[in-house]
Protein chains: 2
Amino acid sequence: MTEKDRPLRADAARNRARVLRVAYETFAEEGGGVPIDEIARRAGVGAGTIYRHFPTKESLFQAIVADRLRQVVERARDQAATDPGEGLYAFLFHLAEQGATDLGLTEAFAGTGFDLATSLPEAEREFTTLMADLLAQAQRAGTVRPDVDVDDVKTLIVGLQAMRRFRGEQADRVYPLIRAGLTRR
Amino acid sequence: MTEKDRPLRADAARNRARVLRVAYETFAEEGGGVPIDEIARRAGVGAGTIYRHFPTKESLFQAIVADRLRQVVERARDQAATDPGEGLYAFLFHLAEQGATDLGLTEAFAGTGFDLATSLPEAEREFTTLMADLLAQAQRAGTVRPDVDVDDVKTLIVGLQAMRRFRGEQADRVYPLIRAGLTRR
DNA sequence: ATACAATCGGGACGCTCGTTCCGTTTAGCA
DNA sequence: TGCTAAACGGAACGAGCGTCCCGATTGTAT
């Protein structure tokens, strides 16, 4: 659903890809607050070029968050197959790490000026399903206490990302505490 | 250190107090992002009047955060005297609740466009001391495991405030998990 | 090689917001 | 009551940013 209709002209396709790549890096480093002009500058194109491909700054941001989510989901599914009991923890802490280097993703989860469920409903649904699977699997394996639910996991994600983002490596020390809290007594 | 030199004229004193009160409420509701004009409007004064009393928006914000911190610290000391083992938990969860209604305070802890340690060094020091006291006390009482340190507590505060702020009452369900994680096995 | 349409770059526009300025109003005092 | 300095309100200014527009450029089909 990105390159239908008639094919883009060669230069247009090149620029589109370039913008996407640069925007990805830039949002990750600076968060959703970066000026479009900054992305344009880094990509070596004019602001007008960005607007030809993405009608709005918001839409560019969405495109990137959606892609990022896909990656995270895919990775988590792999991990989960490898070690059922650890899947949820790996997912949780991986997401926290991502939050450290990807401000865009953090904002998407926290809902800061960007509502995931509204903007990318399918991605949100897939994400929720993944969490439910990982959680059920971990509970079956006995590594997570049975009274924890999916909403609790979402809440923890928000908290963990905030810790990682604002407290850096200090957050590493807290992971074991969280894990202990989630484990059956 | 607020009303030295020659006393303010009656109307000036009234306006200053009014601005402080309104700014307090407004920052709490909207966070540090609210326009000064909005605060001025709510207070029924002109923007110029605010700038007569506070040289900068930042300085107004600081004045209010400092006051808020004083209240929190005072309350925590009272609590701690009542129940040594619970002092740290009460403090932690109270702070999380505060984060829900006081965006300004959350931003101060997270360091979002406002560095507490740099802007209000004394307040920051007092705060750190309080945490160290509460923590040591709880560890002595045996309600917190001995390998937790003050930096871990700071990290948890950031996480808990984020949870409360972005996930609302969902966060309540996570408090027991955090507590379980902090408790000696 | 030529022509035409797609695409480009970056200046212009409009809006928001922090801060300043200044003509007007008012408290405090004699 | 009248005078003066303090204080007021809100218009004005400048900077930042999202978005739009348009003359210049370039890919592509013939």
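Below, chains carry the letters A, B, ... as their sequence lines are ordered, and counting in each starts from 1.
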### Selected nucleotide, minimal atom distance to Val45(A) side chain, candidates dG9(C), dG27(D), dT19(C)
dG9(C)

### Query
Do other residues, nucleotides or ligands put more than 12 heavy atoms under 6.0 Å from the CD atom of Glu74(B)?
no

### Task
Choose from dC8(D), dT19(C), dT28(D) the nucleotide whose nearest atom is closest to any side-chain atom of Tyr51(B).
dT19(C)

### Query
Within the structure shown, what part of the strands sits under 4.0 Å from Ala10(A) by heavy-atom distance: base, sugar-phosphate, or nothing?
sugar-phosphate

### Atom pair distance, as rounded to whole Å: CD in Glu30(B) and P in dC17(C)
11 Å

### Query
Would you say His53(B) reaches dA7(D)'s phosphate, i.e. side-chain N/O to OP1/OP2 under 4.0 Å?
no

### Query
Side chain of Asn15(B): nearest nucleotide among dC8(D), dC8(C), dC17(C)?
dC8(D)

### Task
Would you mind reading off the distance between Arg16(B) atom CZ and dA27(C) atom P, rounded to a whole angstrom?
20 Å

### Task
When you get a sec, tell me which of dC8(C), dT19(C), dT28(D) is the closest nucleotide to the side chain of Ile36(B)?
dT19(C)

### Query
Can you find a donor-acceptor N/O pair under 3.5 angstrom joining the side chain of Arg52(B) to the base of dA7(D)?
no

### Query
How are the rings of Phe61(B) and Phe27(B) set relative to one another: parallel (under 30°), tilted (30 to 60°) or perpendicular (over 60°)?
perpendicular

### Message
For a quick check of understanding: with a heavy-atom distance under 4.0 Å over all strands, which category does Ala12(B) fall into, base, sugar-phosphate or nothing?
### Response
sugar-phosphate

### Query
Once you round it to whole Å, what is the distance between C1' of dT19(D) and CG of Leu60(A)?
14 Å

### Message
Tell me the interatomic distance from Glu38(A), atom CD, to dA15(D), atom P, rounded to whole angstroms.
### Response
19 Å

### Message
Measure CZ/Phe61(B) against P/dC17(C) and give the value in whole Å, please.
### Response
16 Å

### Query
Hey, is the side chain of Thr49(A) poking within less than 4.0 Å of OP1 or OP2 on dG9(C), counting only N and O atoms?
yes

### Selected nucleotide, minimal atom distance to Pro35(A) side chain, candidates dG18(D), dC8(D), dG18(C)
dG18(D)

### Task
Please tell me which of Arg14(B) and Gly33(B) maps to the more 5' nucleotide of DNA chain C, matching each residue to the nucleotide holding its nearest heavy atom.
Gly33(B)

### Message
Less than 3.5 Å apart, any donor N or O on the side chain of Thr106(B) or Arg165(B) sitting next to an acceptor on the other?
### Response
no

### Message
Rounded to whole Å, please give me the gap between CG in Leu8(A) and P in dT28(D).
### Response
11 Å

### Query
Any salt bridge between Arg68(B) and Glu25(B), counting N to O under 4.0 Å?
no

### Message
Checking Arg173(A) against Asp151(B) for the salt bridge (charged side-chain N to carboxylate O under 4.0 Å, His left out) test, could you report, in this order, the C-alpha distance in whole Å, the side-chain angles of both residues, the deciding distance, and whether it holds?
### Response
CA-CA 9 Å; Arg173(A) 288 180 46 87; Asp151(B) 279 326; over 6 Å; no

### Message
Any side-chain N or O of Thr56(B) below 4.0 angstrom from OP1/OP2 of dT19(C)?
### Response
yes

### Query
Over how many whole Å does the gap from Ile50(B) atom CD1 to dC21(C) atom P extend?
18 Å

### Query
Ion pair present between Glu122(B) and Arg70(B), side-chain N to carboxylate O less than 4.0 angstrom?
no

### Task
Could you tell me the separation between the CG atom of Asp37(A) and the C1' atom of dG16(D), rounded to a whole number of Å?
10 Å

### Which nucleotide in dT19(C), dT26(C), dT28(D) has an atom nearest any side-chain atom of Arg9(B)
dT26(C)

### Query
In terms of side-chain heavy atoms of Asp11(B), which of dC8(D), dC8(C), dT19(D) is nearest?
dC8(D)

